[in-house]
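Below you'll find the structure, written out as structure tokens, and then a few comments.
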Amino acid sequence: PVRSFAAHKGTNGFIGIFAGSEGMAGAGLLAAQGALYGGGGKLALVSVGNAAFQLAGKIPEVMVSSCGDAPCFTEDMSDKAVNQTGMYDVVALGPGLGRDERTQTFVADMLEHCCKTMVVDADALFAVGHQKINLRNCPADVVLTPHVGEFAFLTGLTVKDVEAGRIDEAIRYAKENHVVLVLKGAPTVIAVPDGRAWVNSTGNPGMAAGGMGDTLTGIIAAFIGQGLSAEEAAVAGVYLHGLAGDLLAEKMPVGYTASDVARMIPLARKKVIEG
């Protein structure tokens, strides 16, 4: 997305991120960081219990709130959370949620009732597979961002089978479930419901580190908030995420972090815009 001279925070998207649980607060922070450096106009990080307390103030530009006092998201929080999504332009769901049965019900409720485009990652993907959620019933566009292990769980395939047919399996899943699928890996494949797919050309082995996927979730959500379609945001987000890693790898091939990649996104974006 290219900003107009008259842009303000309200025109660049209000991104709502539902993430974190007791012991896994940091994943939500990484997603929020990705959205921040991805250019999101306003960022709300919604968590629970002590996780929300731990997150508050870590990044001053991110508004942190709690959906409830439990150590994880529960079905009792669903109505409040769905109503809250009405404020946002896009919703990210999954990083650090945990796999509690109550959290899985919460994820199902969000997917079935949220009318905003959603980026679904991490533990929310586990809920999709475990609860056998019918993604075709979701009222809004959905972007799924599984790594190969998560995708194998969603499809019932082996990891070996997924890697052997990475492009074809991504296309098949996107068509059958009417979602935008970002199958992360080497290479990352982005597939859309009409059968088209992109194979990403950026990224490097130095990005094989924890938190990279959480950061990507935030970047894609931020691009949707800035006016790109789910499809466009997935393609642009994956490309810039990898390009940011490539820029870092020019100086340090291994040892940079997901936070380093997030902070490099503005420079990667500048490089693409300037050609």
Side-chain angles (χ1 to χ4, degrees), residues 1-19 28-47 55-65 83-95 114-121 139-143 145 180 182 190 192 198 200 202 211-248 258-275:
V2 179
R3 293 191 178 183
S4 73
F5 184 77
H8 55 82
K9 65 182 180 183
T11 62
N12 291 313
F14 192 0
I15 295 96
I17 301 171
F18 291 80
L29 205 61
L30 288 168
Q33 193 170 244
L36 176 68
Y37 288 104
K42 293 193 293 182
L43 305 176
L45 176 55
V46 185
S47 196
L55 291 168
K58 294 292 186 182
I59 301 178
E61 297 86 355
V62 177
M63 296 176 285
V64 177
S65 63
N83 289 336
Q84 198 164 342
T85 62
M87 298 188 298
Y88 308 135
D89 296 302
V90 57
V91 172
L93 176 68
C114 177
C115 294
K116 300 298 175 69
T117 299
M118 299 186 74
V119 184
V120 180
D121 187 30
D141 290 336
V142 175
V143 181
T145 62
V180 174
V182 176
I190 304 98
V192 296
W198 289 260
N200 188 50
T202 61
M212 293 291 178
D214 300 321
T215 300
L216 176 61
T217 292
I219 295 167
I220 294 173
F223 282 2
I224 294 170
Q226 290 166 81
L228 297 188
S229 68
E231 171 187 323
E232 293 167 337
V235 173
V238 167
Y239 183 84
L240 282 186
H241 182 249
L243 180 58
D246 289 344
L247 293 174
L248 286 164
S259 294
D260 294 329
V261 169
R263 286 189 286 268
M264 189 61 69
I265 288 294
L267 290 179
R269 185 173 183 162
K270 181 176 184 288
K271 184 178 180 68
V272 170
I273 290 173
E274 293 180 350

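Computed from a prediction, not measured in an experiment: that's the story for all the values here. Throughout, residue positions are numbered sequentially from 1 according to the sequence presented.
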Interatomic distance, CG@L240 vs CZ@R269, rounded to 0.5 Å, equals 7.5 Å
Under 3.5 Å side-chain donor-acceptor pair for T145 and D121:
yes
For the atom pair OG1 (T117) and CD1 (I220), what is the distance rounded to the nearest 0.5 Å?
12.5 Å
Give a yes or no on this: more than 12 heavy atoms of other residues, nucleotides or ligands lie within 6.0 Å of atom NZ of K116.
yes
Taking every heavy atom of V64 against every heavy atom of L55, the minimum-distance pair comes out as CG2-O, 3.9 Å
Criterion side-chain contact (heavy atoms from CB on, under 4.5 Å) on V180 and I190, from CA distance to verdict
CA-CA 7 Å; V180 174; I190 304 98; 4.2 Å; yes
Tell me the closest heavy-atom pair linking C114 and P139, and the distance in Å.
O-CG, 3.0 Å
T11: which residues meet the side chain to side chain donor-acceptor pair (under 3.5 Å) condition with it, sequence neighbours left out?
none
Do L267 and M264 touch side chain to side chain, with heavy atoms closer than 4.5 Å?
yes
Without swapping roles, check the side chain of Q226 against the backbone of G38 for a donor-acceptor pair under 3.5 Å.
yes
Heavy atoms only: give me the nearest A244-A268 pair and the separation to one decimal.
N-CB, 3.9 Å
What I'd like to find out is whether the side chain of V238 reaches to under 4.5 Å of the side chain of W198, using heavy atoms alone.
no
So which heavy atom on A222 is nearest to which on A35, and how close?
CB-O, 3.5 Å
Output, in order, the C-alpha distance, side-chain angles, deciding distance and verdict of side-chain contact (heavy atoms from CB on, under 4.5 Å) for H241 and N200.
CA-CA 10 Å; H241 182 249; N200 188 50; over 6 Å; no
dist I224:CD1 -> D89:CG (nearest 0.5 Å) comes out at 10.5 Å
Quick check for you: to the nearest 0.5 Å, what is the distance between H8 atom NE2 and R3 atom CZ?
11.0 Å
If you look at every heavy atom in I219 and G34, which pair is closest and at what distance?
CG1-O, 3.5 Å
Gap between atom CD of E61 and atom OH of Y37 - 0.5 Å precision:
7.5 Å
To the nearest 0.5 Å, what is the distance between CD1 (I15) and OG1 (T217)?
13.0 Å
Considering all heavy atoms of both residues, which atom of A258 and which atom of L30 are nearest to each other, and what is their separation?
CB-CD2, 4.3 Å
Check whether any side-chain N or O of S65 sits under 3.5 Å from a backbone N or O of V46 as a donor-acceptor pair, and report yes or no.
no
Quick one, T85 and M118 - any side-chain contact, counting heavy atoms below 4.5 Å?
no
